[in-house]
*Asks:* 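Following this message is one structure expressed as structure tokens.
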Amino acid sequence: MIELPMIHVHMLGEFRISTAEKTICDQNNHSKKLWNLLEYLITYRNKEIAQSDLIHLLWEEDESSNPTGALKTLMHRVRNMLKELDYPSELIIQRRGTYSWNTNVPCTVDIDTFEKLCLDSSYIADPLLRLEKNRKAIAMYKGDFLPKTNYEPWVVPVSAYYHTMYLKIVSESIDILMKEQSYADIANICWQALTIDQYAEFLHYSLIRSLYLSGNQRAALKQYSTTIDLFFSKFGITPSTKFKELYKEIIQINKDEETDLDTIKANLKKSQHKKSAFFCEYEFFKDIYRLEARVAEHTGSSLFLCLATVTPTSENTPELELLNKSMHQLKEIFLESLRSHDVFARYSVSQYILMLPVASYELAEVVLKRVITQFHRKITKNLVKVSYNLTLLDSEE
């Protein structure tokens, strides 16, 4: 009996079938239905799948006068494509009104190997041995399950299953490495995982924390700022309290002891920015606010707090792209129009919070109305507007 060669199937990050010498992949120019059919047969390769189930899978929303004939034609095209592998045996079997992948063919599938590594890891008590197994699984996960077919209803739950499994072992690995103080390894894992899932807040958190704990405060703050912008502009969400607490922890890091006051003064001068309003993170804004509140209380000066909100001109919620553009434009106007000692921060997806040390409520309104006028001049389409709430700081605060 001839020993059949091994076939390798990759479904994480791309779909690819390989032998020692030939490969076919979803980069090739074939119809979506063809790939969908082949991927389904391999995913459920241990089952004999009825023709009716495949017809329902492939033509659920399409009206076909002869769905059985259409299936036979598509299956013929799949078999012709598989002939490109020059494999010495049939890869798809038909019997008694069913189709199935030939399970007699020696075959490795990456999702099987990945799942086994994850499950084996869960039974290992020693954290370093478990980490070793996790690393192999993480390296295998080149991307989500069948990303080019992720619009198919049957793919969604399967993809979610492996994606959740992946995030679980990544999270476990980060916890182990954190205890080992292996911060560079944590950063590398997070960078890789973020290419797969930008929405996982714990990855952003772990990356920034690993940069901070490794002593790279500047990189941690830069990554924090980038992440906050990402949360606001792309995801349309406000970062969690835990995330904001991390920022406070980073900025409170102790400096190395310095006895030369001239050196300190020189460093402070280097950090000065051009004479425009001061934009900062909200957590930092709160510290400045508390300080300014104390000054105002002792000097008797006035300090006004303003919340500026971008709102739609109609009842419809503005699209995220329009909201992002409007918020960016409003920020630029604040930087240009406000004074150098005025402070503001991003408060939410659609709001900025400002601190205005002016003599009266009327003067604060003059400043804000000037900003709003400039905003409406620069926004060509009248789809959004800026509204504001203004209050005077109470001395008891």
Side-chain angles (χ1 to χ4, degrees), residues 127-128 130-132 134-144 163-164 166-258 263-264 266-268 270-273 278-288 324 328 331 343 345-349:
L128 294 181
R130 189 162 72 250
L131 176 63
E132 183 179 348
N134 284 352
R135 283 184 186 276
K136 293 178 181 178
I138 290 170
M140 283 201 66
Y141 201 91
K142 305 299 184 182
D144 285 334
H163 186 88
T164 301
Y166 170 71
L167 290 182
K168 182 175 182 293
I169 61 167
V170 167
S171 178
E172 285 180 355
S173 300
I174 290 172
D175 289 343
I176 295 170
L177 289 168
M178 193 65 75
K179 291 176 182 177
E180 295 295 316
Q181 299 183 0
S182 299
Y183 304 126
D185 283 347
I186 294 172
N188 288 334
I189 287 177
C190 290
W191 282 122
Q192 177 188 337
L194 283 170
T195 64
I196 294 170
D197 190 343
Q198 281 189 309
Y199 290 87
E201 184 176 299
F202 85 90
L203 292 175
H204 293 281
Y205 179 91
S206 300
L207 172 59
I208 295 167
R209 186 166 177 78
S210 67
L211 292 171
Y212 153 61
L213 291 175
S214 66
N216 199 340
Q217 183 194 24
R218 179 173 295 182
L221 288 173
K222 183 178 180 181
Q223 188 60 35
Y224 179 90
S225 179
T226 300
T227 304
I228 293 299
D229 287 343
L230 183 71
F231 283 176
F232 280 135
S233 62
K234 188 169 183 179
F235 306 153
I237 59 174
T238 303
S240 67
T241 301
K242 179 183 177 182
F243 209 91
K244 294 175 182 177
E245 289 295 325
L246 176 60
Y247 177 81
K248 294 172 68 175
E249 183 181 349
I250 295 171
I251 62 175
Q252 289 172 2
I253 187 172
N254 292 327
K255 299 285 187 185
D256 293 334
E257 186 174 339
E258 177 62 68
T263 301
I264 296 174
N267 287 332
L268 289 172
K270 287 179 183 178
S271 66
Q272 289 179 346
H273 297 282
F278 181 64
F279 176 75
C280 60
E281 301 295 340
Y282 178 63
E283 295 304 312
F284 190 51
F285 179 92
K286 291 194 292 186
D287 290 334
I288 298 176
N324 291 336
H328 175 74
K331 177 183 175 181
V343 183
R346 185 83 175 254
Y347 183 73
S348 73
V349 175

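In this text, all values refer to a predicted model and were calculated from it rather than measured experimentally.
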*Asks:* Which distance, rounded to the nearest 0.5 Å, do you find between the CD1 of Ile208 and the CD1 of Ile228?
*Replies:* 7.0 Å
*Asks:* If we only count heavy atoms from C-beta on, is the Glu201 to Ser240 side-chain gap below 4.5 Å?
*Replies:* yes
*Asks:* Counting only heavy atoms not in Phe279, do more than 12 sit closer than 6.0 Å to its CZ atom?
*Replies:* yes
*Asks:* Tell me, with the steps shown, if Glu249 and Arg209 meet side-chain contact (heavy atoms from CB on, under 4.5 Å).
*Replies:* CA-CA 9 Å; Glu249 183 181 349; Arg209 186 166 177 78; 3.1 Å; yes
*Asks:* Are the side chain of Thr195 and the backbone of Gln192 linked by a donor-acceptor contact shorter than 3.5 Å?
*Replies:* yes
*Asks:* What distance do Leu207 atom CG and Phe202 atom CZ have between them, rounded to the nearest 0.5 Å?
*Replies:* 11.5 Å
*Asks:* Test Leu230 against His204 for side-chain contact (heavy atoms from CB on, under 4.5 Å), laying out the working first.
*Replies:* CA-CA 10 Å; Leu230 183 71; His204 293 281; 3.6 Å; yes
*Asks:* Should Glu283 and Lys286 be marked as a salt bridge (charged side-chain N to carboxylate O under 4.0 Å, His left out) after you check the CA-CA gap, both sets of side-chain angles, and the distance that decides it?
*Replies:* CA-CA 5 Å; Glu283 295 304 312; Lys286 291 194 292 186; 3.1 Å; yes
*Asks:* If you round to the nearest 0.5 Å, how far is CD1 of Ile169 from CG of Asn134?
*Replies:* 5.0 Å
*Asks:* Indicate the atoms forming the closest heavy-atom contact of Leu194 with Ala200, along with that distance.
*Replies:* CD2-O, 4.5 Å
*Asks:* Looking at side-chain heavy atoms only, is the closest gap between Tyr247 and Ile250 below 4.5 Å?
*Replies:* no
*Asks:* Say you draw a straight line from CZ of Arg135 to CD1 of Ile176; how long is it, rounded to the nearest 0.5 Å?
*Replies:* 9.5 Å
*Asks:* Once rounded to the nearest 0.5 Å, what's the spacing between atom CG of Leu167 and atom CD1 of Ile196?
*Replies:* 8.5 Å
*Asks:* Could you check whether Phe243 and Phe231 have their ring centres less than 6.0 Å apart?
*Replies:* yes
*Asks:* Identify the heavy atoms of Ser206 and Ile174 that sit nearest to each other, and give their distance.
*Replies:* OG-CG2, 3.7 Å
*Asks:* Would you indicate whether the side-chain heavy atoms of Phe285 and Tyr347 approach each other to under 4.5 Å?
*Replies:* no
*Asks:* Are the side chains of Tyr224 and Lys244 in contact, using a 4.5 Å heavy-atom criterion?
*Replies:* yes
*Asks:* Enter the distance from Ile138:CD1 to Leu131:CG here, rounded to the nearest 0.5 Å.
*Replies:* 7.5 Å
*Asks:* Can you name the nearest heavy-atom pair linking Ala345 to Cys280, along with the distance?
*Replies:* CB-O, 3.1 Å
*Asks:* Taking all heavy atoms of Val349 and all of Ile237, pick out the closest pair and write down the distance.
*Replies:* CG2-N, 3.7 Å
*Asks:* Does the side-chain contact (heavy atoms from CB on, under 4.5 Å) test come out yes or no for Leu211 and Lys222, once each step is laid out?
*Replies:* CA-CA 10 Å; Leu211 292 171; Lys222 183 178 180 181; over 6 Å; no
*Asks:* Within a strict 4.5 Å, meaning less than it, do heavy atoms of the Met178 and Leu213 side chains meet?
*Replies:* yes
*Asks:* What is the ring orientation for Tyr166 with His163, classed by angle as parallel under 30°, tilted 30 to 60°, or perpendicular over 60°?
*Replies:* tilted
*Asks:* Check the pair Gln217, Leu221 against side-chain contact (heavy atoms from CB on, under 4.5 Å), reporting the backbone distance first and the verdict last.
*Replies:* CA-CA 6 Å; Gln217 183 194 24; Leu221 288 173; 4.1 Å; yes
*Asks:* Quick one: does Asp197's side chain get under 4.5 Å of Asp144's, heavy atoms only?
*Replies:* no
